[in-house]
Structures are given as structure tokens and as C-alpha cells.
*Asks:* 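Input: one structure, supplied below.
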Amino acid sequence: MLDPNFIFNNKELVKEKLSNKKYILDYDKFSKLYLLRKKAIQNLEELKGKLNQFNKKITQEKRKPSSVELEEIKGFSNQSKEAEKNKKKVEVDLNQMLLEIPNLHDDSVPKGENELSNIEVRKIGTIKKYDFKILDHTTIGKNLNLFDLEVAAKITGTRFNLYRGLGAKLERALINFMLDEHGKEDYIEIFPPFICNKESFIGTGNLPKFEEDLFKISGTDNYLIPTAEVPLTNIHSNEILDSSVLPIKYVAYSACFRSEAGSYGKDVKGLIRQHQFNKIELVKITDEFSSFEELEKLTSNACSILDKLELPYRVVTLCSGDTSFSSAKTYDIEVWIPSENKYREISSCSNFCSFQARRANIKYKVDNKTNFAHTLNGSGLAVGRTFVAILENFQNPDGTVTVPKALRPYLNNIEIIS
RNA sequence: GGAGAGAUGGGUGAGUGGUUUAAACCAGCUGAUUGCUAAUCAGCCGUACGGAGUAAAUCCGUACCGGGGGUUCGAAUCCCCCUCUCUCCGCCA
């Protein structure tokens with residue numbers, strides 16, 4: 001959520017930035033609600049003040065009000081009740097509008113409409129030359145009996161997967177490897193619930209706008225998490241943190257559930273786009289001064305997993321139009337997928353500045369002053385896509401797959417999956 | 001699933017309709033005193049919003065005792081709904 005005072009006082013700037021993010025702000029509607037709210041508050045407080053004064057007098061004089069007084073004061077009481085209802089209604093209206101306004105992108109973000117305007121920051125690792133006909137991960141997985149999309153389709157449906165044998169072990173090894181590596185960087189490990197309530201989703205910005213992307217638990221206001229960002233960021237909702245505990249760093253494994261509404265034709269083959277997948281998530285809560293510095297660190301923490309797994313990748317700064325609803329600045333990390341001959345997103349690292357903190361009410365205190373905290377997150381990494389990248393990048397001419405050295409201790413020191 | 005108890009400031013905890021402007025204690029901060037540590041004494045010690053102030057300091061007002069609604073001139077206190085916690089029983093990994 002943006003600061004309503006900031007919107008009110010920076011009309012042109014806010015409108016322009018939002019339009020770069022493909023959002024047309026109805027400023028007139030906003031300022032009308034903003035001013036109505038102020039007026040409603042002033043009206044209510046004046047009436048309440050009169051009422052309080054009268055009641056204080058009665059109390060001090062230790063007597064019951066006379067019938068004449070009662071008549072008069074009842075009028076005030078009723079008026080103030082009306083004023084209160086009016087205030088609440090205006091506040092709800094304003095709040096609803098604010099919840100649907102995206103975050104402003106940071107000035108360091110390139111302006112642009114779509115991914116064509118994203119800027120490559122760096123490219124790491126060398127793409128192998130293969131002197132044999134390479135296979136895609138679906139074929140490799142099938143040949144080596146590592147996972148079974150058909151069985152998953154039978155027992156659940158499309159876009160679900162079942163890992164089997166060494167495939168299941170590889171997936172688990174990756175999870176443990178990533179958690180351990182981030183633990184070395186002093187991220188506190190969390191094992192969160194995979195279902196969160198509506199308030200938590202509003203806190204991170206998934207609701208109210210993106211409900212269709214989520215799986216709702218029938219008969220409740222709860223949803224399956226699409227990422228551990230939701231529980232992790234909300235650990236400190238409605239709290240005022242002492243500045244000495246910042247930055248707070250969390251890492252968590254979770255299964256992630258996404259409806260993938262509106263992506264029916266996309267990536268229908270293989271493990272790239274699933275309704276359920278595994279992911280390691282990094283979340284940071286910082287003060288307002290260090291968040292961009294912490295974003296750089298968080299991004300390189302995510303990259304270091306790819307470095308250690310010897311997977312080629314590149315880092316991209318998303319342009320304004322490609323930056324998500326809640327984010328002020330996002331780096332995408334994209335891993336090389338040989339069968340597609342291109343880089344594919346494997347992590348998205350974002351600084352939300354105070355946008356989520358306002359929604360989730362996360363503050364910190366320094367020198368007796370409270371401010372909204374800044375929140376950040378990034379995948380470290382998407383496990384399923386890492387699995388895909390390993391199968392494809394480490395495939396051998398004989399159809400086997402070499403296990404990256406760093407991962408072997410997690411896989412009974414197996415060197416080759418055959 | 002059944003029965004019961006509870007939720008009050010950073011913590012413990014009093015408070016069953018009106019000086020509650022939430023007692024008291026602990027923790028914390030500031031100052032005084034005293035060789036140091038410590039002890040003692042005094043003061044301070046929440047959040048949000050609105051208003052005044054060029055701004056900061058500050059001052060005034062309003063709201064907040066798990067959340068929402070209601071009764072009343074007046075609610076931490078009475079009524080209704082919800083959430084969560086604890087205890088016992090049943091079931092269960």
C-alpha cells in the first residue's frame with residue numbers, strides 16, 4: 001500500500017509512475033475519498049468531544065442527568081453514532097482503493113512495457129557445447145525413471161508431478177542443499193504452514209487483486225500458499241520491531257500451489273509450470289535505508305546456489321511494466337535451459353520497500369520513532385526448475401546425468417544418475 | 001467432535017456501568033544521591049489518526065483493554081457473533 005498522504009501531495013509523480021506500471025490512477029476519486037475521510041474524522045471528533053465533556057461533568061458532579069439534559073445529549077449521541085458509521089464507510093472505501101494500487105517502481109528501474117525492456121545485468125557460467133543430440137528434461141526423466149507425469153495426472157490431474165526413486169532423492173537433496181547453504185549466510189530456517197489466512201495474503205499483496213491465482217480452502221477464508229513469502233513476511237505482521245534486530249533474514253522450504261489461471265497453453269510439457277512445486281524462499285525485513293543494499297545481497301545469495309551447482313545463468317533487472325504489483329524493484333535470475341536454447345526464470349528477487357509493511361503493519365523503532373519496515377524476498381531457488389536445469393545441463397551422450405559435485409554429499413555421493 | 005475456563009500496556013496482574021486520565025509490581029529510560037558495582041529516591045515510560053506549529057520540539061483532541069456488532073447520556077465492565085489460548089473427555093499421525 002502506498003502512503004495516502006504521499007499520493008495526495010505528489011499527484012503528477014504518482015500518476016506517471018503508476019502509468020509506467022500500467023495502472024491508470026483515478027486521482028479525482030482518490031482525492032475525493034481522501035478529503036471525505038478527513039472531514040468525517042473531524043466531524044466525528046467534534047461530536048465525541050462534546051459528548052465526552054458532558055459525561056465528564058455528570059461523573060464529577062456524581063449525579064444522574066436530568067430528563068432535559070438527557071433529551072439534549074441523546075441527540076448528540078445519535079449524531080455521533082451516525083458520524084462514526086459514515087467515517088467507517090469512507091475509510092473502507094478509501095482502503096479498498098488503496099489496496100488495489102500497485103507499488104511505485106524505484107528510480108533505478110528501467111522504464112518499459114514488457115520483458116523486451118528488461119536489462120541484463122550479468123551473465124555467469126559457460127554454456128556447454130554438446131556434440132550429441134541433446135534431450136529435454138521430460139525425456140531424460142522418463143528414460144531414467146525419475147518422475148512420472150502420467151501417474152500424477154491419473155491420481156490428481158494435469159500440471160501435477162510425482163517424483164520417483166533417484167528423482168525423489170534428487171529433489172530432496174536439492175531442498176536440503178539449498179537450506180544448508182542459506183543457513184551458512186545466517187538466514188534463520190523456518191518450516192511454515194502451507195495454508196495462510198486472508199489477512200496474510202492481503203499483507204503480501206496477493207489479495208484482493210489476485211485471488212484467481214490461488215487455491216482457496218473450501219468453507220474457509222484460507223488459501224494454499226503460492227510461495228513461502230506469504231507466511232514468512234507475515235511472521236512479524238502487526239509488530240513494532242526494535243531496530244537492533246534488523247535485518248531479519250528467513251529461509252524456508254515450502255510446497256507452492258498456483259492455479260495458473262490464464263496460462264492454459266503455456267509450458268504444458270514437463271516440470272516447468274506445475275500447480276504444485278517445491279521452492280526455497282528467502283525473506284528479509286530491513287529498515288528503510290538499507291533495503292536496496294540488502295536486495296543486492298539477497299540476489300547474490302540466490303545466485304550462489306547456481307554457482308555452486310555449476311549452472312549457467314544470467315541476472316536481469318525487470319523494467320517498470322514487468323515489475324510485479326507489490327515490487328519496487330525486481331531482479332530475475334534465469335538459468336540456462338539447453339533444450340529450449342534460452343534462459344528461464346528460476347528466481348525473482350524483489351524489494352517491496354514499505355508497500356507490504358504498510359499492508360501487514362510491520363514497523364520498527366529507532367530512537368523512539370516508529371517507521372514502516374522494508375520487506376524483500378527472493379527464491380533461493382525454485383527446486384523443480386533447478387531439477388530441470390541439472391538434468392538438461394549435466395546430461396551425457398549415453399543418456400545418464402552427472403550429479404554436480406556440490407550436491408553429491410546430499411545424494412549418497414552418487415556421481416552419475418543412470 | 002463434546003464440556004469447561006480464559007484473552008487487560010514490553011512482562012506479571014488488579015479492575016462487574018461514571019475522577020479508569022487503566023491500579024500495583026517487574027523490566028526499560030532520564031535525573032538526583034553515594035568511592036565503583038549496587039542500593040535508594042524522583043520523574044518518564046504505548047499506538048494510530050485529526051488539529052495547531054515554517055519545521056523540529058511540543059501542545060490540544062479522538063480512538064484503542066483479542067476482533068466485530070449491540071444496549072446506554074456513559075462500556076475494559078452488560079448482551080450477541082467470531083477468532084485464538086488453556087484444561088478435561090472422545091478420536092487420531
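The chains referred to below are lettered A, B, ... by the order of the sequence lines, with proteins before strands, and numbering in each begins at 1. Any value given below was found using the heavy atoms of this structure, including those in side chains, with hydrogens, waters and symmetry copies removed. Being a predicted model, the structure only gives us computed values, none of them experimental.
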*Asks:* Using a cut-off of 4.0 Å on non-hydrogen atoms, how would the nucleic acid contact of A/Leu70 be classed: base, sugar-phosphate, or nothing?
*Replies:*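 The answer is base, as A/Leu70 lies within the cut-off (heavy atoms under 4.0 Å) of a base atom.
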
*Asks:* Check whether any side-chain heavy atom of A/Tyr364 lies under 4.5 Å from a side-chain heavy atom of A/Ile240, and answer yes or no.
*Replies:*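 When only atoms from C-beta onward are counted, A/Ile240 and A/Tyr364 do not touch, as no gap falls below 4.5 Å.
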
*Asks:* Which whole number of Å gives the distance between the P atom of B/C26 and that of B/U33?
*Replies:*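 Looking at atom P only, B/C26 and B/U33 are 23 Å apart.
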
*Asks:* Please give the distance between the P atoms of B/A27 and B/U40 as a whole number of Å.
*Replies:*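 The same atom, P, in both gives a distance of 9 Å.
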
*Asks:* By nearest atom, which of the nucleotides B/A57, B/U19, B/G50 is closest to the A/Lys369 side chain?
*Replies:*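 Nearest listed nucleotide: B/A57.
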
*Asks:* When the P atoms of B/A7 and B/G15 are considered, how many whole Å apart are they?
*Replies:*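 Rounded to whole Å, the distance is 11 Å.
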
*Asks:* What is the distance from NZ of A/Lys363 to P of B/G10, rounded to the nearest Å?
*Replies:*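 Taking atom P of B/G10 as the reference, NZ of A/Lys363 is at 13 Å.
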
*Asks:* Are OP1 or OP2 of B/U72 and a side-chain N or O of A/Ser77 less than 4.0 angstrom apart?
*Replies:*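 Negative; the distance criterion is not met.
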
*Asks:* Return no unless some side-chain N or O of A/Thr370 is found under 4.0 Å from OP1 or OP2 of B/A48.
*Replies:*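 So the side-chain polar atoms of A/Thr370 do come within 4.0 Å of the phosphate oxygens OP1 or OP2 of B/A48, strictly under.
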
*Asks:* Does a nitrogen or oxygen in the side chain of A/Lys57 sit under 4.0 Å from OP1 or OP2 of B/C73?
*Replies:*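 Indeed not, no polar side-chain atom of A/Lys57 lies that close.
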
*Asks:* Any side-chain N or O of A/Asn52 less than 4.0 Å from the OP1 or OP2 oxygen of B/U62?
*Replies:*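 A/Asn52 to B/U62 OP1/OP2: side-chain N or O found under 4.0 Å.
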
*Asks:* What contact category does A/Lys85 fall into here, base, sugar-phosphate, or nothing, at under 4.0 angstrom with non-hydrogen atoms?
*Replies:*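 Result for A/Lys85 = sugar-phosphate.
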
*Asks:* Can you tell me how far P in B/C89 sits from the matching atom in B/C80, rounded to whole Å?
*Replies:*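 One P to the other, the span is 29 Å.
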
*Asks:* Among B/U47, B/G50, B/C73, which nucleotide sits nearest the side chain of A/Glu45?
*Replies:*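 My answer, after comparing the listed nucleotides, is B/G50.
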
*Asks:* Would you check if A/Ile416 and A/Val403 make a side-chain contact, meaning some heavy-atom pair closer than 4.5 Å?
*Replies:*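 SC-SC contact between A/Ile416 and A/Val403 ruled out.
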
*Asks:* Please classify the nucleic acid contact of A/Ile240 as base, sugar-phosphate, or nothing, using heavy-atom distances under 4.0 Å.
*Replies:*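 Sugar-phosphate contact only - A/Ile240 comes under 4.0 Å of backbone atoms but never of a base.
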
*Asks:* Is NZ or CZ of A/Lys363 both nearer than 6.0 Å to the six-membered ring centre of A/Phe372 and within 45° of the ring axis?
*Replies:*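 Yes - A/Lys363 lies over the ring of A/Phe372, closer than 6.0 Å to its centre and within 45° of its axis.
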
*Asks:* Taking only side-chain nitrogens and oxygens of A/Lys74, does any of them come within less than 4.0 Å of OP1 or OP2 of B/C73?
*Replies:*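 Yes.
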
*Asks:* When you get a sec, tell me which of B/G46, B/G74, B/A48 is the closest nucleotide to the side chain of A/Lys81?
*Replies:*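 Minimum distance to the A/Lys81 side chain belongs to B/G74.
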
*Asks:* Work out which heavy atom in A/Val401 is nearest to a heavy atom in A/Ile390; give both atom names and the distance.
*Replies:*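 Where A/Val401 meets A/Ile390 most closely, the heavy atoms are CG1-O, 3.9 Å.
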
*Asks:* Where do A/Leu271 and A/Phe387 come nearest, in terms of heavy atoms and distance?
*Replies:*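 Here A/Leu271 and A/Phe387 meet closest at CD1-CD2, 3.8 Å.
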
*Asks:* Look at the side chain of A/Lys48 and decide which nucleotide, out of B/U47, B/A63, B/G18, has an atom nearest to it.
*Replies:*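 Nearest to the side-chain atoms of A/Lys48, counting from C-beta on, is B/A63.
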
*Asks:* Between A/Asn5 and A/Lys88, name the one whose nearest nucleotide on RNA chain B is closer to the 5' end.
*Replies:*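 Looking at the nearest nucleotide for each, A/Asn5 comes out on the 5' side.
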
*Asks:* Give me the distance, rounded to whole Å, that separates B/U72 from B/U77 when you measure between the C1' atoms they each carry.
*Replies:*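 Rounded to whole Å, the distance is 13 Å.
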
*Asks:* Relative to the 5' end of RNA chain B, which residue comes earlier, A/Glu46 or A/Phe372, by the nucleotide with the nearest heavy atom?
*Replies:*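 Between the two, 5'-proximity favours A/Phe372.
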
*Asks:* B/A3 and B/A14: how far apart are their C1' atoms, nearest whole angstrom?
*Replies:*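 Here B/A3 and B/A14 have their C1' atoms 29 Å from each other.
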
*Asks:* Choosing from B/G69, B/G51, B/G18, which nucleotide comes nearest the side chain of A/Thr59?
*Replies:*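 Within the option list, the nearest is B/G18.
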
*Asks:* Taking only side-chain nitrogens and oxygens of A/Arg37, does any of them come within less than 4.0 Å of OP1 or OP2 of B/G50?
*Replies:*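 It does, given that an N or O in the side chain of A/Arg37 lies less than 4.0 Å from OP1 or OP2 of B/G50.
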
*Asks:* Rounding to the closest angstrom, what is the interatomic distance between B/U19 and B/C41 at atom P?
*Replies:*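 Going atom to atom, P in each nucleotide, I get 30 Å.
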
